[in-house]
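For ligands, and for the atoms within them, numbers begin at 1 and follow the listed sequence.
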Amino acid sequence: MHPTRRTILAGAALALASAVIPQAMAAKPLVIGFSQVGAESEWRTANTASIKDSAKKEGVTLKFADAQQRQENQVKAIRSFIAQRVDLIAFSPVVESGWDTVLREAKAAKIPVILTDRSVNVSDPSLYATLIGSDFVEEGRKAGRWLLDYAKKNGDKPLNIVELQGTVGSAPAIDRKAGFEEIIKANPKLKVVRTQTGDFTRTKGKEVMEAFLKSMGKSINVLYAHNDDMAIGAIQAIEEAGLKPGKDIIIVSIDGVKGAFQAMIAGKLNVTVECSPLLGPQLMEAARKVVEGKPVDKRIVVNESVFPADVAAKELPNRKY
Ligand code: AHR
């Protein structure tokens with residue numbers, strides 16, 4: 001071949017390759033490995049749907065693993081995401097402690113990590129890029145403030161409170177308890193007389209409430225449940241014991257799922273503090289930034305409201321979960 005012709009052909013091939021390669025690179029979908037806590041509540045189902053829908057909408061390949069509320073399953077899933085060389089790992093940690101080793105493994109493999117919904121206790125904060133989720137202490141405070149106000153408006157009598165805690169060692173259980181206690185201590189007539197975990201599920205919420213009712217009967221004035229599902233389970237136990245939930249026992253809970261709004265409309269629940277599970281869009285946005293090396297805030301907090309029973313009927317049609 002004539003040398004000039006060869007040069008022209010080589011130049012054309014190079015131009016074609018340089019036009020095609022960046023396009024192919026740009027088209028490569030972001031791959032996220034996501035380890036979910038489980039499917040323990042209406043909230044969690046909505047959270048999973050939000051993450052899956054947003055990934056689909058954003059063209060993200062999502063490798064999803066359900067940990068069935070067990071930390072060891074989350075650790076296994078994270079290790080498998082590392083082995084698969086995903087672009088980013090995201091997870092909602094079932095409990096706060098015990099993550100240092102596996103997160104160090106992700107860091108050594110140069111795979112960034114984003115926490116959604118719940119926090120971790122780690123010695124090195126650089127083990128994760130950001131935490132996207134609610135302020136659980138503030139949610140507990142909001143529940144406490146509603147009750148303080150209720151007590152004031154209802155003759156300031158002594159109130160015996162039973163508490164259904166979330167999963168032992170989880171951030172929302174620890175923080176919602178702390179926030180609530182911080183506020184109610186302002187009124188010494190408000191006393192938490194029993195507290196036990198219901199693991200964020202309806203079944204356990206019902207079981208534990210049955211036990212509370214057996215031991216304390218009609219002396220229970222208030223139930224504080226760390227989520228709506230446990231409150232809904234407890235409502236069944238209260239009715240089966242021949243009492244009126246929402247009247248004989250005042251019920252304060254957290255999440256703001258549709259089931260809670262229906263219970264409020266039926267007069268069986270008094271207030272729910274909102275905790276939004278719709279974290280998918282924020283996760284996808286932060287993941288892209290982190291993978292592209294752009295800065296993200298270390299903490300991305302979600303804004304939330306409080307819904308007392310008297311606004312439930314008006315608000316229910318606007319609820320997205
Ligand atoms: O971490 C958020 C909590 O987990 C929600 O309040 C609860 O419903 C869920 O299971």
Side-chain angles (χ1 to χ4, degrees), residues 34-51 66-71 73-74 90-97 99 114-121 128 131-144 146 163-180 197-206 208-209 223-235 251-263 269 271-280 282-283 299-307 319-321:
F34 185 82
S35 168
Q36 179 60 290
V37 170
E40 74 282 7
S41 61
E42 210 179 315
W43 188 99
R44 189 65 56 196
T45 310
N47 181 244
T48 294
S50 169
I51 288 162
D66 178 336
Q68 297 176 343
Q69 282 186 283
R70 296 167 74 109
Q71 183 174 32
N73 291 344
Q74 291 203 294
F91 76 115
S92 175
V94 62
V95 289
E96 275 191 332
S97 56
W99 298 105
I114 290 183
L115 305 176
T116 65
D117 165 35
R118 299 182 180 181
S119 61
V120 293
N121 269 334
Y128 66 90
L131 160 61
I132 305 168
S134 309
D135 180 341
F136 297 136
V137 177
E138 189 52 30
E139 289 172 353
R141 289 191 192 115
K142 286 175 182 166
W146 184 90
E163 179 183 33
L164 280 170
Q165 290 186 44
T167 303
V168 176
S170 69
I174 297 166
D175 294 351
R176 287 171 183 170
K177 182 171 183 48
F180 183 76
T197 180
D199 211 14
F200 282 130
T201 69
R202 280 185 198 202
T203 318
K204 293 217 180 115
K206 180 170 187 249
V208 177
M209 191 67 206
L223 163 66
Y224 168 45
H226 288 192
N227 82 343
D228 290 337
D229 278 75
M230 293 189 293
I232 291 167
I235 285 172
I251 307 179
V252 181
S253 78
I254 299 182
D255 273 357
V257 297
K258 282 186 183 163
F261 280 76
Q262 281 146 0
L269 179 78
V271 63
T272 185
V273 174
E274 187 179 37
C275 174
S276 176
L278 308 178
L279 306 177
Q282 281 161 300
L283 170 60
R299 182 75 173 93
I300 300 172
V301 188
V302 181
N303 287 331
E304 292 153 340
S305 309
V306 177
F307 297 103
R319 301 303 295 161
K320 296 205 165 49
Y321 58 93

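- Remark: distances from the non-hydrogen atoms of Asp255 to ligand 1 include one below 4.0 Å.
- The proximity of Pro172 to ligand 1, defined as any non-hydrogen pair under 4.0 Å, is limited to the side chain.
- When each atom of ligand 1 is checked for a heavy atom of Ser41 under 4.0 Å away, the hits are 7 (C), 8 (O), 9 (C), 10 (O).
- Distance check: Arg44 CZ to Asp255 CG gives 9.0 Å after rounding to the nearest 0.5 Å.
- Of all the heavy atoms of Glu42, none lies under 4.0 Å from any atom of ligand 1, so neither backbone nor side chain is involved.
- A donor-acceptor pair shorter than 3.5 Å cannot be found between the side chains of Asn121 and Ser97.
- Contact between Ile254 and ligand 1 is absent, with no heavy atom of the residue lying under 4.0 Å from the ligand.
- The ring pair (Phe, Tyr, Trp, His ring centres under 6.0 Å) test with Phe91 singles out one residue from Trp99, Tyr128, Phe34, and that residue is Trp99.
- Ligand 1 has no N or O atom lying under 3.5 Å from any N or O atom of Trp43, backbone or side chain.
- With hydrogens left out, the protein atom closest to atom 2 (C) of ligand 1 is Asp117 OD1, 3.3 Å, a heavy atom.
- Scanning the protein for heavy atoms near atom 10 (O) of ligand 1, the closest one is Glu40 OE2, 2.4 Å.
- Using a 4.5 Å heavy-atom threshold, the side chains of Trp43 and Asp117 count as touching.
- Between His226 and ligand 1, no pair of N/O atoms sits closer than 3.5 Å.
- Taking all atoms of both residues into account, the shortest heavy-atom contact from Val120 to Leu115 is CG2-CD1, 3.6 Å.
- Nearest to atom 3 (C) of ligand 1 among the protein's heavy atoms is Arg118 NH2, 3.8 Å.
- Gln36 contributes atom CD, which lies 6.5 Å from atom OG1 of Thr116 (distance to the nearest 0.5 angstrom).
- Side-chain contact annotation: His226 with Glu139, donor-acceptor N/O pair under 3.5 Å absent.
- Residue contacts with ligand 1, taken as heavy atom pairs separated by less than 4.0 Å, involve Arg176 solely via side-chain atoms from C-beta onward.
- Looking at Gln74, its side chain does come within 3.5 Å of a backbone N or O of Val94 through a donor-acceptor pair.
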